[in-house]
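Written out below as structure tokens is the structure these notes cover.
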Protein chains: 2
Amino acid sequence: MNKRQFKDGVYSELAKITKSLANPHRLEIIELLAQGDCPVEQIAEQTHLSVANASQHLQVLKAAQLVDVDRKGNFIHYKLANENVFQTWKALRELGVERIAAVEKLVKDFRKSKFDFVSVTIDELVKKIDTGRVTLVDVRPESEYKKGHIADAISIPHDQLSQRLKELPKRTEIIAYCRGPFCVFADEAVALLRKAGYKASRLEEGFPDWKLQKLPVEVSVN
Amino acid sequence: MNKRQFKDGVYSELAKITKSLANPHRLEIIELLAQGDCPVEQIAEQTHLSVANASQHLQVLKAAQLVDVDRKGNFIHYKLANENVFQTWKALRELGVERIAAVEKLVKDFRKSKFDFVSVTIDELVKKIDTGRVTLVDVRPESEYKKGHIADAISIPHDQLSQRLKELPKRTEIIAYCRGPFCVFADEAVALLRKAGYKASRLEEGFPDWKLQKLPVEVSVN
DNA sequence: TATCTATTCAAGAACTTTATTGAATAGATT
DNA sequence: AATCTATTCAATAAAGTTCTTGAATAGATA
């Protein structure tokens with residue numbers, strides 16, 4: 001094998017991986033799987049795809065070895081092959097927000113129009129936890145909370161929040177978090193909480209970002 | 001705009017960026033531009049593409065805002081839009097090497113078959129520079145050296161090395177570096193040096209990786 | 001102003017990717 | 001062993017990507 005063949009080989013393999021990521025639905029699937037493993041049907045539902053279509057996208061990710069499968073009873077669970085997959089998605093996400101005005105505009109317009117408040121970064125949250133009292137609320141679906149959540153966070157899924165406000169303290173600051181910067185659950189939660197007189201803000205990033213930094217995590221085993 | 005439209009918008013913008021990276025030639029172009037800005041014709045030559053084809057690929061990268069243009073006299077120079085672009089390429093590269101056996105095999109087979117020696121990581125090189133004496137040789141084309149190189153490195157382009165061996169000390173350790181882990185210039189240099197009785201190894205990563213870590217860099221201004 | 005030249009554009013053929021549909025499969029459960 | 005069911009496969013039409021070729025352009029030099 002000569003030099004050129006070697007280079008062509010390497011770059012074409014890397015392009016294959018990149019291609020497997022280069023689709024809006026597959027990026028959304030990666031973000032979803034970063035919350036924990038998940039059967040096909042749930043992925044299809046969450047991403048608004050048909051099951052057959054979701055399955056096909058998962059096959060593409062599997063062929064690129066970005067996801068692994070696990071059979072659990074009647075269901076087949078998919079999961080990210082390793083941390084590096086989320087890391088790469090994070091790099092792409094950040095590149096997008098920084099480089100592409102369209103993405104930043106989408107995010108800002110949507111957020112600012114409906115939810116006019118600032119968010120807290122992971123670093124800021126760590127300081128807050130160290131120095132003061134904070135109530136952490138995980139507003140993702142309970143199944144995702146169970147698969148892993150920030151230590152000491154309580155689970156109140158976004159669609160149950162209005163009925164469960166009493167569980168939250170009025171005095172201490174509340175930080176809501178969800179899947180990631182493009183997930184709206186936390187924004188909706190904060191809007192609701194503020195309207196009800198609570199002192200609340202959202203975490204800018206999501207649970208997978210917290211976990212990637214090796215910060216304390218808890219799992220609810222079934 | 002509702003939640004679903006927002007998500008669809010964001011993921012499809014991010015997928016557009018990812019698609020612009022998802023091609024072997026464009027990945028190679030990114031790696032080349034990470035060495036410093038460069039006119040179209042040189043990019044075409046280095047990547048073995050026709051000029052028209054290289055230009056088209058550059059248009060794709062430009063549309064995704066991953067590269068910027070600068071006119072210099074008669075030539076149009078392309079450059080990476082910012083550090084994050086290289087960062088993302090690096091994440092993809094590492095994901096590839098870690099996840100895809102095919103990539104690792106290609107690299108190992110090619111290297112091990114022709115160049116049977118271990119490489120030095122950036123961290124190890126930093127320590128070596130601190131504690132001992134090391135001669136650093138930049139074996140990339142001189143134009144790339146001029147656009148930026150590791151501090152105190154000397155330039156001996158790979159194709160001139162055999163005639164310029166006398167410039168190098170026989171006693172102190174020599175570390176050769178080039179564009180990155182998939183670049184073969186440094187391997188060839190080390191093979192040649194060892195055969196001639198020098199104590200030499202290659203840097204595993206390349207100059208852009210060194211620069212990304214904010215380690216000391218020099219530029220030869222023209 | 002005319003010429004030169006690096007780069008881009010445009011059109012088209014070959015190939016790849018995607019969503020949809022309905023059938024097939026493989027592994028549990030009964 | 002028979003049935004059930006979550007998932008995958010296969011075929012197809014529509015849309016997108018890529019390389020090649022040769023012409024067009026825009027900005028510099030003369």
Side-chain angles (χ1 to χ4, degrees), chain A residues 4 7-9 11-30 32-33 37-79 143, chain B residues 4 7-9 11-30 32-33 37-79 143:
Chain A
R4 190 68 237 167
K7 278 203 171 181
D8 286 349
Y11 289 114
S12 97
E13 286 299 327
L14 292 176
K16 272 187 209 163
I17 301 176
T18 312
K19 279 193 175 119
S20 80
L21 288 168
N23 172 286
H25 300 304
R26 290 199 290 272
L27 288 178
E28 193 175 357
I29 289 173
I30 296 283
L32 202 56
L33 291 179
D37 58 314
C38 201
V40 180
E41 203 177 1
Q42 253 183 63
I43 293 167
E45 190 190 324
Q46 295 271 348
T47 54
H48 296 228
L49 292 172
S50 72
V51 171
N53 198 185
S55 172
Q56 261 181 219
H57 282 300
L58 286 162
Q59 296 308 309
V60 173
L61 292 171
K62 195 171 108 188
Q65 300 188 62
L66 302 189
V67 303
D68 287 337
V69 291
D70 250 343
R71 182 171 272 272
K72 285 188 185 169
N74 233 325
F75 295 83
I76 289 176
H77 284 234
Y78 279 84
K79 65 175 181 211
S143 61
Chain B
R4 191 66 237 166
K7 277 203 172 183
D8 286 349
Y11 288 113
S12 97
E13 285 299 327
L14 292 176
K16 272 187 208 163
I17 300 176
T18 312
K19 279 193 175 120
S20 80
L21 288 167
N23 172 286
H25 300 304
R26 290 199 291 272
L27 288 177
E28 193 175 358
I29 289 173
I30 296 283
L32 202 56
L33 291 179
D37 58 316
C38 202
V40 180
E41 204 177 0
Q42 253 184 64
I43 293 167
E45 190 190 323
Q46 294 272 346
T47 54
H48 296 228
L49 293 172
S50 71
V51 171
N53 198 185
S55 172
Q56 261 180 218
H57 282 300
L58 286 163
Q59 296 308 308
V60 173
L61 293 171
K62 194 170 108 189
Q65 301 187 60
L66 302 188
V67 303
D68 288 336
V69 290
D70 251 343
R71 183 171 269 273
K72 285 187 185 169
N74 232 325
F75 295 83
I76 289 175
H77 284 234
Y78 278 84
K79 63 176 180 210
S143 61

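Each chain gets a letter, A, B and so on, in the order the sequences are listed, and its residues count up from 1. None of the values given here were measured: they were computed from a predicted structure.
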*Please state how far atom CD in A:E41 lies from atom C1' in D:dT8, giving the value in whole angstrom units.*
14 Å
Could you go through nucleotides 18-24 of chain C and list every protein N or O atom that sits under 3.5 Å from one of its N or O atoms, giving the distance for each pair?
unit_1	atom_1	unit_2	atom_2	d
C:dT18	OP1	A:N23	ND2	3.0
C:dT18	OP2	A:R26	NH1	3.2
C:dT18	OP2	A:R26	NH2	3.4
C:dA19	OP1	A:H25	NE2	3.2
C:dA19	OP2	A:N53	ND2	3.3
C:dA19	OP2	A:H57	NE2	2.6
C:dT20	O4	A:Q56	OE1	3.1

*Approximate separation, where rounding is to 0.5 Å, of B:I30 CD1 and B:L61 CG*: 5.0 Å
*Min side-chain heavy-atom separation B:H77-B:V69 under 4.5 Å*: no
Less than 3.5 Å apart, which donor and acceptor atoms pair up between the side chains of residues 15-22 of chain B and the rest of the protein, not counting sequence neighbours?
unit_1	atom_1	unit_2	atom_2	d
B:K16	NZ	B:E13	OE2	3.3
B:T18	OG1	B:L14	O	2.8
B:S20	OG	B:I17	O	2.7

*When rounded to the nearest 0.5 angstrom, what is the spacing between CD in A:Q56 and CG in A:L49?*
10.5 Å
*To the nearest 10 degrees, what angle separates the axes at the start and end of the helix from C:dT1-D:dA30 to C:dT30-D:dA1, five pairs each?*
30°
*asked:* Whole angstroms only, please: what is the CD-C1' distance between A:Q59 and C:dT17?
replied: 16 Å
*Give, ordered by number, those residues of residues 70-79 of chain B having at least one heavy-atom distance below 4.0 Å to an atom of DNA chain D; if nothing qualifies, reply none.*
B:R71, B:G73
*For B:R4, which residues count as a side-chain hydrogen bond (donor to acceptor under 3.5 Å, both in side chains) partner, sequence neighbours excluded?*
A:E28, B:D8
*Going from CD1 on A:I76 to CG on A:D37, what distance comes out if it is rounded to the nearest 0.5 angstrom?*
13.0 Å
_Intermediate values then yes/no, side chain to side chain contact (heavy atoms under 4.5 Å, CB included), A:V67 and A:K79_ = CA-CA 5 Å; A:V67 303; A:K79 65 175 181 211; over 6 Å; no
*Return the value, rounded to whole Å, for the distance between atom CG of B:L58 and atom C1' of C:dT8.*
11 Å
_Pairing residues for B:D68 by the salt bridge (Lys or Arg N to Asp or Glu O under 4.0 Å) criterion, not counting sequence neighbours_ = none
*Distance (rounded to the nearest 0.5 Å) between B:Y78 OH and B:L32 CG*: 14.0 Å
*asked:* I need the B:L33 CG to B:L66 CG distance, nearest 0.5 Å.
replied: 10.5 Å
